[in-house]
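Accompanying notes for the structure given below.
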Amino acid sequence: MGALTYGVYKKKRYDHTLRDVSDVFSLSKETATIAPLTPNGETIRLGVIGFGGRGKYLLRAAGFATPEKLQEWIDSAKTNKKDTRYEEFRQQEDLNIVLAGICDVFDVHAAEGVAAGANVFREGVGGKMGAAPKRYRHYREMLADKDIDAVIIATPDHWHGTMAMEAARAGKHVYVGKPLSWTVPETYRIREAVKEGGIVFQLGHQGRQIESYHKAREIISKGLLGAVNLIGVCTNRNDPNGAWVYDIHPEANAQTIDWKQYDGDPERIREYMDYMQKYNLMNYVGPEARDKFSAERFFRWRCWWDYSTGLSGDLFTHEYDAVNQLMDVGIPYSATASGGIYFFKDGRTVPDVLQSSFEFPDKNLTLLYSATLASTRDRGKVIMGHDASMEVGETLVVKVDRDSTRYREKIEQGIIKPDVPFYTYVPGKNNVDAVTSATELYFAQRGLLYSYLGGKRYDTTFLHVREWLECIRNRDLKPSCDIDAAFEEAMTAHMGTRAYLEGRTMYWDKEKEEIVRGELS
């Protein structure tokens, strides 16, 4: 009885403490929900350019997968009851689109894309199939086709800008993978083409759909962290695949891959080389080397500046866009960077270690990016304020600073314990409260809980593609990562890349909208 009485006492005292904490950290109890599709919304005829790794993922988010991929999930579910991928895919909302066309320069990928497009009943091997989408040998044939309303561009980085521009000029709505552009000069032209074309544009940062980010923005906007002066973001990977050493398909050769189209138009290549030479950035291969087919460069293109935008454009952009989403930081005043090829000595030209610093003096803020492709030591995305710090991912955790001014009284009263999780938000819960479970905290800190909207689990890429499609149907809506956000992302990434390659600080002239080179250190 004594133990029971003491337990009840502790529970009441704990509940009272939680109420005090919730009062201090009052936030909206509402969670985001997904709006219904536009009633009687028009069917959108979609074309997909690029059906490699990212293209397959984007098309699955849109509701199309190859029978072989679904069969893999079906078989896995038979031996693992926790594997619900096939069930969830079958239940995924129909976006009212027709996959009208596939374009890929690799015959195997193109055939897979056609099979995915025909698999409208979402079945495994041997299942019923629908009409197959048309295969286009060249992306310009697709853009010229009046039977295509919108395109998803899932190509290597060096094609993003050119295809997006041409699609916009052809009146096609565009969803393009990040980053927006390969070089600085084309960044301006893309923005101009999108705005003049009047099309709906979405850049592929599906993090815009993560519910915890919306809660994090509320926390920051209410000043609950105090003055934020430093943000640390990172990339940590430690395996060949994470370092872009992808498998080479056994059927890849000069006969199955249109190398000339993949490599790029001579005019584009010359512009790129002139750009690199102008700033003495000689990290590319010459025309003679580019003319020769290379399966390694085709599948592992991220390792070379000739096709890639490196760590800054490929991985930092995810982190930057999250920060820009939370705090509207825009393009930084300056950028510095250092790093090198320190682990993967495989002939690549892009670094596998990078450290970058971006300054925002108008916001009294520094953004630090640190990346390594040879260690999985996760350091999180941490927003550091005078009164509290917040780690943001699929979930978010807030810790109060021991020297906080705002929470000093609560700290002295013992209501708040500094430097330990004070507030944890897990998408999918019906309400928001302080941490109540060690198990919940464990999963929350490691990002192992799913993101939910209105209590239902969703794939964020599905939500991002869905948003784009709804904006096409309802032009009063605005995509969350439109061309203006994309422009800010691209210029910030280019400043970081230029700072690394030139070994000097880069500055942004806000009035002229151009990157200015600082003096060599």
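None of these values were measured; they are calculated from a predicted model.
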Query - Test log, rule side chain to side chain contact (heavy atoms under 4.5 Å, CB included), inputs Lys381 and Met390 - result: CA-CA 8 Å; Lys381 184 189 285 97; Met390 177 167 60; over 6 Å; no
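- Between Trp305 and Tyr500, the ring-plane angle classifies as tilted under the 30° and 60° cut-offs.
- In this structure a side-chain-to-backbone donor-acceptor pair under 3.5 Å is present from His160 to Pro179.
- Checking side-chain atoms of Lys56 against main-chain N and O of Phe51 turns up a donor-acceptor pair under 3.5 Å.
- With hydrogens and angles ignored, the 3.5 Å screen pairs a side-chain donor or acceptor of Ser212 with a backbone N or O of Gly393.
- Using modelled atom types, one side-chain atom of Arg208 and one backbone atom of Ser480 make a donor-acceptor pair closer than 3.5 Å.
- The side-chain tip of Arg297 points at the ring of Trp304 from less than 6.0 angstrom away and within 45° of straight on.
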Requested in this report: Dump the intermediate steps for side chain to side chain contact (heavy atoms under 4.5 Å, CB included) on Lys172 and Leu143, then the final yes or no.
Outcome: CA-CA 7 Å; Lys172 313 298 185 188; Leu143 298 183; 4.2 Å; yes
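- Two residues are said to be in side-chain contact when any heavy atoms from C-beta on lie closer than 4.5 Å; His214 and Gln325 meet this criterion.
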Taking only distance into account, with no hydrogens and no angle test, what donor-acceptor pairs under 3.5 Å do side-chain atoms of residues 148-156 form with protein atoms, sequence neighbours excluded?
unit_1, atom_1, unit_2, atom_2, d
Asp149, OD1, Arg45, NE, 3.4
Asp149, OD1, Arg45, NH2, 2.8
Asp149, OD2, Arg45, N, 2.8
Asp149, OD2, Arg45, NE, 3.0

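- Nearest heavy atoms, Thr309 versus Asp314: OG1-N, 3.5 Å.
- Between Glu166 and Tyr139, the side chains place a donor N or O and an acceptor N or O closer than 3.5 Å (distance only, hydrogens not considered).
- For the atom pair CD1 (Ile248) and OG (Ser294), the distance works out to 7.5 Å, reported to the nearest 0.5 Å.
- Pairing each heavy atom of Ala490 with each of Thr187, the nearest pair is CB-CG2, 3.7 Å.
- Phe343 and Asp352 get closest at one heavy-atom pair: N-OD2, 2.9 Å.
- Between Phe360 and Tyr333, the gap from one ring centroid to the other reaches at least 6.0 Å.
- In this structure, Lys510 has no salt bridge (Lys or Arg N to Asp or Glu O under 4.0 Å) partners at least two apart in sequence or on a different chain.
- For Trp73, there are no side chain to side chain donor-acceptor pair (under 3.5 Å) partners at least two apart in sequence or on another chain.
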Query raised in the report: After noting the C-alpha distance and the side-chain angles of Arg189 and Glu192, does the key distance pass the salt bridge (Lys or Arg N to Asp or Glu O under 4.0 Å) rule?
Result: CA-CA 5 Å; Arg189 298 199 299 269; Glu192 180 181 11; over 6 Å; no
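- Checking side-chain atoms of Arg122 against main-chain N and O of Tyr86 turns up no donor-acceptor pair under 3.5 Å.
- Donor-acceptor pairing under 3.5 Å is recorded for the side chains of Ser357 and Glu359.
- With salt bridges taken as basic N to acidic carboxylate O contacts below 4.0 Å, one links Asp484 and Lys195.
- Taking the six-membered ring where the residue is Trp, the centroids of Phe106 and Tyr262 are separated by 6.0 Å or more.
- Residues Ser308 and Asp157 have side chains that never bring a donor and an acceptor to within less than 3.5 angstrom of each other.
- A distance-only check finds no donor-acceptor pair linking the side chain of Thr162 to the backbone of Trp159 [under 3.5 Å].
- In this structure, SG in Cys471 is found 13.0 Å from CZ in Phe201, a value given to the nearest 0.5 Å.
- Closest non-hydrogen pair, Gly63 versus Gln92, comes out as N-NE2, 3.5 Å.
- Looking only at atom types and distance, the side chain of Thr235 has no donor-acceptor partner in the side chain of His318 under 3.5 Å away.
- Taking NZ of Lys363 as the start and CE of Met327 as the end, the distance is 7.0 Å to the nearest 0.5 Å.
- Counting only distance, with no hydrogens or angles, the side chain of Arg348 and the backbone of Trp244 share no donor-acceptor pair below 3.5 Å.
- The distance from the CG atom of Leu59 to the CG atom of Leu46 is 7.0 Å, given to the nearest 0.5 Å.
- Look at Glu489 and Lys178 and you find no salt bridge, because none of the NZ, NE, NH1 or NH2 atoms lies under 4.0 Å from a carboxylate O.
- Side chain of Trp468 to backbone of Val200: a donor-acceptor contact under 3.5 angstrom is found.
- Side chains of Asn96 and Ile44 form no contact here, defined as non-hydrogen atoms less than 4.5 Å apart.
- Atom OH of Tyr246 has more than 12 neighbouring heavy atoms from other residues, nucleotides or ligands inside a 6.0 Å radius.
- Ion pairing between a basic and an acidic side chain is recognised when a charged N comes within 4.0 Å of a carboxylate O; Arg473 and Glu470 show such pairing.
- Between atom NE2 of residue His138 and atom SG of residue Cys103 there is a gap of 7.5 Å, rounded to the nearest 0.5 Å.
- Nearest heavy atoms, Ala337 versus Ser356: CB-OG, 3.6 Å.
- Side-chain atoms of Asn324 come within 3.5 Å of backbone N or O of Gly330 as a donor-acceptor pair.
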**Report entry** Full working for side chain to side chain contact (heavy atoms under 4.5 Å, CB included) between Ile49 and Met142
**Finding:** CA-CA 9 Å; Ile49 307 175; Met142 176 184 285; 3.7 Å; yes
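- Using a cut-off of 4.0 Å between Lys/Arg side-chain N and Asp/Glu carboxylate O, Arg191 and Asp482 are scored as not salt-bridged.
- With rounding to the nearest 0.5 Å, the separation of OH in Tyr307 from CZ in Arg300 is 14.0 Å.
- Counting only distance, with no hydrogens or angles, the side chain of Arg85 and the backbone of Leu70 share no donor-acceptor pair below 3.5 Å.
- Taking every heavy atom of both residues into account, Ala118 and Pro133 meet most closely at N-CD, 3.8 Å.
- Within 6.0 Å of the CG atom in Asp247, the count of heavy atoms belonging to other residues, nucleotides or ligands does not exceed 12.
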**Report entry** Evaluation steps, side chain to side chain donor-acceptor pair (under 3.5 Å), between Asp459 and Tyr57
**Finding:** CA-CA 11 Å; Asp459 179 326; Tyr57 192 86; 3.2 Å; yes
Query raised in the report: Going through the distances and angles, do Tyr188 and Phe487 end up as a side chain to side chain contact (heavy atoms under 4.5 Å, CB included)?
Result: CA-CA 8 Å; Tyr188 303 99; Phe487 183 86; 4.0 Å; yes
